Amino acid sequence: MVKRFCQWLYEEWSENFIFVCQEEMVKGTYVRFEYKLRFMREVMVQYLQHRLLKWFDENQRIFPWREDRATKYQQIVSEILLQRTKAETVAKYYDTFFSKFPDWNALANASLEELEEIMKPLGLYRHRARRLYKLGEDIRRRGGRIPGNENELRDSGFIGLYVTNAFELFILRNRKPLLDVNMSRLLKRYFKPGDFIDVRHDKEIQELANDIIEVRRCKELNWAILDYAALVCKTRNPLCGECVLNKHCKYYELSQGDVTEESE
DNA sequence: GTCCCGACTT
DNA sequence: AAGTCCGGAC
């Protein structure tokens with residue numbers, strides 16, 4: 001009941017949503033603690049979704065693989081080029097690759113040596129060449145067609161969790177998170193900063209990622225998080241002062257606490 | 001030196 | 001779970 005009311009209030013008057021509900025929770029009679037925790041997490045989730053989508057509309061980075069004219073082939077291959085590589089680096093390299101291998105057919109006819117050669121400037125070239133070669137093989141085996149649903153995708157010997165999620169997000173239009181080091185860092189800071197365990201095996205972060213992207217503009221929110229993590233919530237020297245999430249960010253809260261203790 | 005829109009092998 | 005791949009940006 002309270003949640004439904006807040007949902008409505010959020011849609012009607014999003015900026016004041018958080019404040020009103022927090023006041024109610026603080027002053028409200030007998031709100032169970034567990035419920036409050038769940039609720040606050042819900043508030044944080046919706047706040048992040050709303051603020052980052054808004055931020056994205058004004059501050060998004062422009063990349064060729066995000067444009068409408070990018071083919072499915074380009075979208076998928078780009079995700080492999082992006083692995084462990086800065087997006088800006090891939091952007092500069094983009095035409096080099098796709099002018100030589102413009103479509104699935106060109107990729108399927110490429111030799112492993114050719115692929116290695118063209119990907120040397122990008123780094124990780126032997127791994128990437130092997131993955132792309134396997135991908136070309138796989139597409140050729142299925143007669144030039146890409147997987148059309150989740151089952152075909154699973155059976156296709158496709159590549160890795162990240163690329164699989166990207167495929168589902170972009171091609172199958174499913175709501176999936178592009179959970180990489182950047183999204184992991186942002187979520188970890190915002191929700192539960194502290195210990196530095198390997199985020200790749202952090203179930204909690206994975207659940208958060210899956211919850212966060214449950215919005216209509218799922219693709220945009222994914223890009224928003226990646227852009228925001230690259231430009232504002234950076235690994236080194238994050239710009240917490242001008243962050244649009246700092247009102248509810250646990251990491252910011254902690255850093256503010258440290259500052260006041262030092263100054264006193 | 002560290003880090004980047006990961007995935008693979010051991 | 002940790003090591004390795006890799007060039008380039010910082």
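This structure is a prediction, so every number in the text was calculated from the model and none was measured. Each chain gets a letter, A, B and so on, in the order the sequences are listed, and its residues count up from 1.
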Participant: So, Q83(A) versus E79(A): side-chain donor-acceptor pair below 3.5 Å or not?
Facilitator: no
Participant: Whole-Å distance between dC5(C) P and L115(A) CG?
Facilitator: 20 Å
Participant: Would you indicate what R61(A) reaches in the nucleic acid, counting non-hydrogen atoms under 4.0 angstrom: base, sugar-phosphate, or nothing?
Facilitator: base
Participant: Looking only at atom P, what distance separates dC10(C) and dC5(B), rounded to whole Å?
Facilitator: 12 Å
Participant: Any idea which of dA7(B), dT2(B), dC4(B) is nearest the R236(A) side chain?
Facilitator: dT2(B)
Participant: For a quick check under 3.5 Å, do N246(A) and E253(A) share a side-chain donor-acceptor pair by atom type?
Facilitator: no
Participant: Respond yes when some side-chain nitrogen or oxygen of N222(A) is under 4.0 Å from OP1 or OP2 of dC5(B), and no when none is.
Facilitator: no
Participant: Looking at dC5(B), dC8(B), dT2(B), which one has an atom nearest to any side-chain atom of R130(A)?
Facilitator: dC8(B)
Participant: Separation of N165(A) atom CG from dA7(B) atom P, in whole Å?
Facilitator: 9 Å
Participant: Could you state the OH-P distance from Y93(A) to dG7(C), rounded to the nearest angstrom?
Facilitator: 13 Å
Participant: Strictly by Watson-Crick or wobble contacts shorter than 3.5 Å, is anything paired with dG1(B), and which nucleotide is it?
Facilitator: dC10(C)
Participant: Mind calculating the distance between NZ (K234(A)) and P (dC3(B)) to the nearest angstrom?
Facilitator: 14 Å
Participant: Identify whether any heavy atom of Y125(A) sits under 4.0 Å from a base atom; if not, whether one sits that close to sugar-phosphate; answer base, sugar-phosphate or nothing.
Facilitator: sugar-phosphate
Participant: Using whole Å, what does the distance between atom P of nucleotide dC5(B) and atom CZ of F170(A) come to?
Facilitator: 14 Å
Participant: Is there a side-chain contact between Q83(A) and the phosphate of dC5(B), meaning an N or O under 4.0 Å from OP1 or OP2?
Facilitator: no
Participant: Going by atom types only, do N105(A) and D103(A) share a side-chain donor-acceptor pair under 3.5 Å?
Facilitator: no
Participant: Look at all strands and tell whether Y228(A) reaches a base, only sugar-phosphate, or nothing, counting heavy atoms closer than 4.0 Å.
Facilitator: nothing
Participant: Roughly, in whole Å, what's the span from CG in L132(A) to C1' in dC5(C)?
Facilitator: 15 Å
Participant: Using 30° and 60° as the class limits, which term best fits the ring planes of F63(A) and W65(A): parallel, tilted or perpendicular?
Facilitator: parallel
Participant: Rounding to the closest angstrom, what is the interatomic distance between dT9(B) and dC6(C) at atom P?
Facilitator: 14 Å
Participant: Any ion pair linking K134(A) and D138(A) (charged N to carboxylate O, less than 4.0 Å)?
Facilitator: no
Participant: Would you classify R131(A) as touching base, sugar-phosphate or nothing, given that sugar-phosphate means primed atoms plus P, OP1 and OP2, and contacts are heavy atoms under 4.0 Å?
Facilitator: base
Participant: Taking for each residue the nucleotide of DNA chain C with the nearest heavy atom, is it K86(A) or L122(A) whose nucleotide lies nearer the 5' end?
Facilitator: L122(A)
Participant: To the nearest angstrom, how far is R126(A) atom CZ from dG6(B) atom P?
Facilitator: 21 Å
Participant: Would you say a side-chain N or O of T85(A) is under 4.0 Å from OP1 or OP2 of dG7(C)?
Facilitator: no
Participant: Specify whether W55(A) and Y228(A) have parallel, tilted or perpendicular ring planes, treating 30° as the upper limit for parallel and 60° as the lower limit for perpendicular.
Facilitator: perpendicular
Participant: Any idea which of dC4(B), dC6(C), dA7(B) is nearest the L161(A) side chain?
Facilitator: dA7(B)
Participant: Quick one: which of dC5(B), dC3(B), dG7(C) gets closest to the side chain of E79(A)?
Facilitator: dC5(B)
Participant: Please give, in whole Å, the distance from dC5(B) C1' to I213(A) CD1?
Facilitator: 16 Å
Participant: Ignoring the backbone of V181(A), work out which of dG6(B), dC5(B), dG1(B) is nearest its side chain.
Facilitator: dG6(B)
Participant: Using a heavy-atom cut-off of under 4.0 Å over every strand shown, decide if V90(A) touches base, sugar-phosphate, or nothing.
Facilitator: nothing
Participant: Does OP1 or OP2 of dT4(C) have a side-chain N or O of R84(A) closer than 4.0 Å?
Facilitator: no
